[in-house]
Amino acid sequence: MVAADSDLTTLTVSLPKKQKEDLLRRALAAGCRTPGEYVRRLRYAAQQARTMEELEEKLLAGLESPTREMTREDWATFKRQTLARISF
């Protein structure tokens, strides 16, 4: 998840002893070499979950929006915009 040449910085967090021990156990159980790696994984998972929530919201909004039959011009515009988005 984190490239070796990443711009890493340090964040100090104070935890009760039991929470720190739990964090260390969970990090090891998850195969992480450090608690920091585990926290980065948790943050990444939370970010992915939020992205999925946003996508679901957009899909539901699309399903609830008015519909109409697409014309040839609509399809041509859709194709042009899609190709423009994926062009390198």
Side-chain angles (χ1 to χ4, degrees):
M1 274 187 245
V2 177
D5 59 344
S6 293
D7 183 26
L8 295 178
T9 186
T10 301
L11 172 68
T12 302
V13 178
S14 297
L15 297 172
K17 185 176 181 180
K18 286 186 179 188
Q19 286 183 358
K20 179 181 177 184
E21 291 168 355
D22 182 61
L23 180 72
L24 292 171
R25 272 195 306 276
R26 289 175 184 261
L28 290 173
C32 298
R33 290 175 287 171
T34 66
E37 181 182 352
Y38 181 67
V39 171
R40 285 190 298 274
R41 285 186 187 184
L42 291 176
R43 192 213 165 270
Y44 179 77
Q47 181 182 14
Q48 293 301 311
R50 181 62 193 142
T51 299
M52 292 304 291
E53 289 172 8
E54 291 171 356
L55 177 59
E56 184 175 342
E57 289 170 9
K58 290 177 182 180
L59 288 171
L60 290 173
L63 289 173
E64 295 170 359
S65 67
T67 60
R68 66 175 175 81
E69 188 117 3
M70 287 188 65
T71 65
R72 285 181 184 245
E73 293 80 23
D74 292 334
W75 283 111
T77 300
F78 175 75
K79 182 178 179 181
R80 188 173 51 254
Q81 289 172 348
T82 302
L83 290 173
R85 287 183 187 155
I86 63 173
S87 294
F88 298 104

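Numbers for residues simply follow the sequence, beginning at 1. All figures in this text were calculated on a predicted structure; none of them were measured in a lab.
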Hydrophobic cluster identity match, Tyr38 and Val13, side-chain contacts under 4.5 Å: yes
Check: Glu37 side chain, Arg33 main-chain N or O, donor-acceptor pair, under 3.5 Å: yes
Apart from Met70 itself, residues in the same hydrophobic cluster as defined by side-chain heavy atoms under 4.5 Å: Trp75, Phe78
Verify same cluster id: Val39, Leu15 (apolar side-chain graph, 4.5 Å): yes
Closest non-hydrogen atom pair, Asp74 against Glu69: OD2-O, 4.1 Å
Heavy atoms of other groups near Glu53 CD, more than 12 under 6.0 Å: yes
Nearest-0.5 Å distance, NZ of residue Lys20 to NZ of residue Lys17: 9.0 Å
Under 3.5 Å, which donor-acceptor pairs do the side chains of residues 21-31 form with other protein atoms, sequence neighbours left out?
residue, atom, partner, partner atom, Å
Asp22, OD1, Arg26, NE, 3.2
Asp22, OD2, Arg26, NE, 2.8

CZ (Arg50) with more than 12 external heavy atoms under 6.0 Å: yes
Donor + acceptor pair across side chains of Gln47, Arg43 (<3.5 Å): yes
